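Input: a single structure, listed below in structure tokens.
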Amino acid sequence: METFQSLLAKKFSQALAKAGLPNAGELTPATDSRFGDYQTNAALVLGKQRGENPRDLAEKILAQLDVGDLCEPPVVAGAGFINFTLRADAVERKAGEVLRDERLGVAQAKSTRRIVIDFGSPNVAKPMHVGHIRSTVLGDALARIAQFLGHEVIRDNHIGDWGTQFGMVIYGWKNLLDRQALQRNPLAEIVRIYKETNQRAATDPQVREACRQELVKLQAGDKENTDIWNECVAFSMQDFDHVYKLLDVHYDIQCGESFYNDRLPGVVERLLKSGTAEISEGAVCVFFRDIPELADKPCIIRKRDGGFNYATTDLATVDYRINDLRADAIWYVVGAPQILHFRQIFEIARREGYTADLRHITFGSILGEDRKLMKTRSGENVPLRDLLDEACRRARNIIEEKNPDLGEDDRIDIAEKIGIGAVKYFDLSQYRMTDYVFSWEKMLSLQGNTAPYLQNAYVRIRSIFRKAGESASKIDRLALDDPAEINLAKRLCQFAEIVPQVLNNFRPNILANYLFELANSFHTFYEACPVLKSEEPARSSRLALCDLSGRVLERGLDLLGIKVPEKM
RNA sequence: GCGCCCGUAGCUCAGCCGGAUAGAGCAACGGAUUUCUAAUCCGUAGGUCGGGUGUUCGAGUCACCCCGGGCGCGCCA
């Protein structure tokens, strides 16, 4: 199905051709409703190129343009803009098409790709904390959207399950472990012994050395240490799975760092052999002498002591994803502090001849009310599990106050949908690069651009259908009359224009913003247009409008990984 | 020192490839409810887009410089 935008753009470019003019400018949604629904600046661009009067050019183009079936006669405005206002009957037909379409008008991508999305990536022996929200929620949303657009998505959890921290964990396990505490809360106990060992190591060189020895033994495949490591990984995975279940996030593969262990020597050998890497001060490095910003920032891929580091692992990972998984693209949803690292990795991959589309999708930090990195009162990372539980608890309090009649099962279910949805939406509704201040009050507010506000619009729709005792009417040609109806129907037709845009710059906030505007339009319609009490044909038409609004809201929120309740 | 990111209403934030008089939400103020969930809607008020120079028909958006904040820069991940 074609959107209004693409239909108009197509007709417009035909008109340009007829007028003997090249394609130019762009046809976009109007910046202001005063200017109609769509606008183009083509005449301005052409005017500049050819040194002609933009308004004259606009008239010349209009003489060749036939869009009478879609809009009112286009008008030239301002310096030479051409404005289009959709006809109500065209909106009726288009909305009818969307109504019948499972995909709600959203076309499949022209060329579909196999995309590995690397997101989440928690560390073993550390609980997931607020810092993991953005990567997890953003990555999941991008995966859902890419998938919906027809791409083949492989969601990969690159777990930090290997590294120097295990020397300390194993030392702690052998010397400090409280078995009973381990049974009660495994991860908390592992974290405790890790922290305590860390403190000891900071002051006691002997402990430090002991930890190093444990690490060496683990890396050499020592049975006892490997068993301990396995147990720690398993305990951590339990914690991750609990959080993922709450968040409704799943992975296709979970190839952690350890997965690449036996591939690391090969990576270094290959790079040395090809001359991409060289030995410097005993370490194996890749230099970027031809890139000014990187000239003084080499990338170490093997340490002087022969050990590998995370650059080596990431190179092995690129290799695996491209050669074994046959990825066309790899998206790394990893925080902005690692920009330099990925710049280096991507550059090395390029030098090795890889042509896959590698993207580092960065994001900012979550701040506390004090505008500093969000921490607990005692200065520690806020465990994600606690935070999500609190979200549900707070959501439940609000539900109980607003809707005391709900049964216990409903309360639990709805509180989870609202609480988790609120956390996710708060994150996704903001541009990913900006740091944001975490605020329960704001994210759980029923007013404004929040998940509960959107969910409420959906609930109102469900309520209408419950009351009506009927499912969506079979109507497929709407009868729009009230401005609120026309506005809502136009908005619904835009869903198909918005969704693909999200992937242009990896901005789910565009979709969130659209859904907010849709909910807004729906609420306005809801206030202005009685549904069940109205006469036919308005009643059926409005029911259809409700049905479509509900489906777009549900689908749109689903693309963001957010669920909708039937009641709230 | 070098590099990256950010700076838009009192607060929290939109504003994609430069486009018309810069938009929301919260908070403030004024209205609407015998309801299809008022958990809402309608309205008012609020801005030298950090500062400057430049590019051009046109700059919040692009380039350069400065100010302020954050982050990163050879053997952690």
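Please read these numbers as outputs of a predicted model, since none were measured by experiment. Below, chains carry the letters A, B, ... as their sequence lines are ordered, and counting in each starts from 1.
Contact annotation for A/Lys467: backbone-only contact, meaning every heavy-atom pair under 4.0 Å involves sugar-phosphate atoms and none involves a base. The residue A/Arg343 sits apart from the nucleic acid: no heavy atom pair falls under 4.0 Å.
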Checklist outcome for this item: Letter by letter from the 5' end, nucleotides 20-26 of chain B scores (B base, S sugar-phosphate only, - none; protein heavy atoms under 4.0 Å) B---SSS
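For A/Asp161, there are no salt bridge (charged side-chain N to carboxylate O under 4.0 Å, His left out) partners at least two apart in sequence or on another chain. Here A/Asp305 pairs with nothing under the salt bridge (charged side-chain N to carboxylate O under 4.0 Å, His left out) rule; sequence neighbours left out. Here A/Phe506 pairs with A/Trp331 under the ring pair (Phe, Tyr, Trp, His ring centres under 6.0 Å) rule; sequence neighbours left out. Under the salt bridge (charged side-chain N to carboxylate O under 4.0 Å, His left out) criterion, A/Arg507 pairs with no residue, sequence neighbours left out. Residues forming a ring pair (Phe, Tyr, Trp, His ring centres under 6.0 Å) with A/Phe288 (at least two apart in sequence, or on another chain): none.
Taking 3.5 Å as the limit, the base of B/C2 and the side chain of A/Glu293 contain no donor-acceptor pair of atoms between them.
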Where do N or O atoms of nucleotides 68-72 of chain B meet protein N or O atoms at under 3.5 Å, pair by pair?
none

With 3.5 Å as the limit, what N/O pairs link the protein to nucleotides 61-65 of chain B?
none

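Side-chain proximity of A/Glu257 to B/A77, B/C6, B/A39: nearest is B/A77.
Contacts between residues 417-424 of chain A and RNA chain B, defined by a heavy-atom separation under 4.0 Å, are absent. Of the residues in residues 120-131 of chain A, none lies under 4.0 Å from RNA chain B by heavy-atom distance.
The existence of a salt bridge linking A/Arg551 and A/Glu554 is excluded, since no basic side-chain nitrogen approaches an acidic carboxylate oxygen closer than 4.0 Å.
Ring centers of A/Phe4 and A/Phe84: at least 6.0 Å apart, outside the cut-off.
For the 3.5 Å distance criterion, the side chains of A/Tyr332 and A/His158 fail to qualify, holding no donor opposite an acceptor.
Among residue pairs with one or both ends in residues 433-449 of chain A, none qualify as salt bridge (Lys or Arg N to Asp or Glu O under 4.0 Å); sequence neighbours excluded.
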Next on the checklist: Only Watson-Crick and G-U wobble pairs with both distances less than 3.5 Å should count. Give RNA chain B in dot-bracket notation, marking inter-strand partners with |.
Outcome noted: (((((((..((((.....[...)))).(((((.......))))).....(((((..]....))))))))))))....
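Within 6.0 Å of atom CG in A/Asp481, 12 or fewer heavy atoms from other residues, nucleotides or ligands are found, so the atom counts as exposed in its surroundings.
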